[in-house]
Amino acid sequence: MIFYFSGTGNSAWTARQLARLTGDNAYDITTLKELPELTHTKQLGFVFPIYAWGVPEIMADFIKKPPKLQGFTFGVCTCGGDAGLAMKQFAKHYPLRSSYSLLMPNNYIIGSDTDCESEILQKIAAAREELKRMAQEIQRQEPVYRVHEGPLAGVKSHLANFGFNKFARSAKPFFAEDRCNGCGRCVRNCPASAISLRDGTPVWAARCFQCLRCINECPQQAIQYGKSTAGRRRYTIRAYLPQDEQV
Ligand SMILES: Cc1cc2nc3c(=O)[nH]c(=O)nc-3n(C[C@H](O)[C@H](O)[C@H](O)COP(=O)(O)O)c2cc1C
Ligand code: SF4
Ligand code: SF4
């Protein structure tokens with residue numbers, strides 16, 4: 001059984017690919033009504049994106065729920081560059097036999113532009129190969145720690161992550177430009193239910209998960225975050241997947 005959280009699809013695709021390769025099922029924790037029966041679970045996996053070298057709060061809250069299993073447990077974080085100490089922090093709250101990071105296209109367009117087209121394609125192609133290797137190791141229940149922590153991992157995962165959760169999770173800078181046509185897609189797809197339509201225009205709550213699904217997936221590219229995102233490209237893995245792998 002694999003539980004995942006995902007903003008722009010990297011982690012959803014990763015979880016579903018791993019489920020397919022290991023004969024398992026993947027569940028989106030934001031749409032899960034109740035926990036599936038875990039008694040006969042042979043493996044339990046968690047997949048999520050790295051946020052400021054840490055575990056997204058929604059996943060950190062979720063791992064308080066499932067019972068601790070004797071079976072094989074693993075975690076995979078997807079990240080644009082470095083994961084910091086996130087997997088070690090995760091394992092303190094939910095014991096993991098294996099931990100991985102998977103390099104995927106960067107979706108944090110508040111900080112910098114997306115990866116260029118060739119890098120996006122190269123990262124997804126490399127991830128496909130890495131997922132096959134991971135799936136074999138998981139099926140053999142082989143304990144592995146293959147996480148790209150990057151430099152200054154401790155400082156980033158403690159100080160920078162604290163700063164992110166305290167100060168950078170504001171949704172107030174989000175706004176929709178005039179080319180928004182009021183389609184409501186951002187409202188329907190927000191995993192935090194933090195967007196509503198007022199007179200046909202989206203308005204945001206004070207805080208959200210910062211998953212960046214809304215800004216990256218608006219069909220009109222009408223959403224901005226303050227001044228930082230104007231002129232930057234948008235990224236979602238959904239634009240790069242064949243029909244039978246859509247997430
Ligand atoms: C709020 C936020 C913070 C991020 N912080 C990091 C980071 O610290 N290190 C990193 O390598 N990537 C970081 N990223 C990039 C994502 O982890 C990466 O693109 C991930 O694969 C997105 O997964 P998703 O498509 O499942 O949401 C960040 C993205 C967001 C939205
Ligand atoms: S998805 Fe884009 S076009 Fe549709 S309502 Fe939201 S901001 Fe407007
Ligand atoms: S408001 Fe946008 S960034 Fe925030 S949780 Fe919703 S979709 Fe994600």
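Distance alone, capped at 3.5 Å, is enough to place a donor-acceptor pair between the S98 side chain and the E142 backbone. Judged by distance alone, with hydrogens and angles left aside, the side-chain atoms of T73 form a donor-acceptor pair with the main-chain N or O of R97 at under 3.5 Å. Between the side chain of K156 and the main chain of P151, a donor-acceptor pair closer than 3.5 Å is present. Panel note: side chain D24, backbone M1; a donor-acceptor pair is recorded below 3.5 Å. Side-chain atoms of N10 come within 3.5 Å of backbone N or O of P105 as a donor-acceptor pair. The main-chain N or O of D113 is never found under 3.5 Å from a side-chain atom of R233 such that the two would form a donor-acceptor pair.
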Show your reasoning for whether ring-ring contact (aromatic ring centres under 6.0 Å, His included) applies to F90 and F48. CA-CA 11 Å; F90 185 107; F48 53 88; 5.4 Å; yes
I'd like to know whether F62 forms a ring-ring contact (aromatic ring centres under 6.0 Å, His included) with F3, so could you lay out the CA-CA distance, the side-chain angles of the two residues, the decisive distance to 0.1 Å, and finally the verdict. CA-CA 9 Å; F62 179 76; F3 296 113; 5.0 Å; yes
Assess whether side-chain contact (heavy atoms from CB on, under 4.5 Å) is satisfied between Y94 and L69, documenting all intermediate values. CA-CA 10 Å; Y94 200 99; L69 290 190; 4.2 Å; yes
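By the criterion of side-chain heavy atoms lying less than 4.5 angstrom apart, applied directly or through intervening Ile, Leu, Val, Met, Phe, Trp or Tyr residues, L38 is not grouped with Y4; the two fall into different hydrophobic clusters. Using a 4.5 Å cut-off between side-chain heavy atoms of Ile, Leu, Val, Met, Phe, Trp and Tyr, with links allowed through other members, I29 and V247 fall into different hydrophobic clusters.
A donor-acceptor pair shorter than 3.5 Å cannot be found between the side chains of E130 and Y100. E117 and Y240 share a side-chain donor-acceptor pair at under 3.5 Å. Judged by distance alone, the side chains of Q89 and S157 never bring a donor and an acceptor atom under 3.5 Å apart.
To the nearest 0.5 angstrom, L96 atom CG is 10.0 Å from Y145 atom OH. Interatomic distance, K123 NZ to D115 CG, rounded to the nearest 0.5 Å: 3.5 Å.
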Using a 3.5 Å cut-off and no angle test, enumerate the donor-acceptor pairs between side-chain atoms of residues 201-225 and protein atoms at least two apart in sequence or in another chain.
from	atom 1	to	atom 2	distance (Å)
R207	NH1	N165	O	3.0
Q210	NE2	S170	O	3.2
R213	NE	G7	O	2.7
R213	NH1	N189	O	2.6
R213	NH2	S6	O	2.7
N216	OD1	Y235	N	2.8
N216	ND2	N107	O	3.2
N216	ND2	L212	O	2.9
E217	OE1	R238	NE	3.2
E217	OE2	T236	OG1	2.7
E217	OE2	R238	NE	2.8
E217	OE2	R238	NH2	3.2
Q224	OE1	T229	OG1	2.8
Q224	OE1	A230	N	3.2
Q224	OE1	R234	NH2	3.1
Q224	NE2	E177	OE1	3.3
Y225	OH	S170	O	2.7

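Side-chain contact check for S101 versus M87: every heavy-atom pair is 4.5 Å or farther apart. At least one side-chain heavy atom of H158 sits less than 4.5 Å from a side-chain heavy atom of L85.
With respect to E129 and R133, no salt bridge is recorded, no charged nitrogen being found less than 4.0 Å from a carboxylate O.
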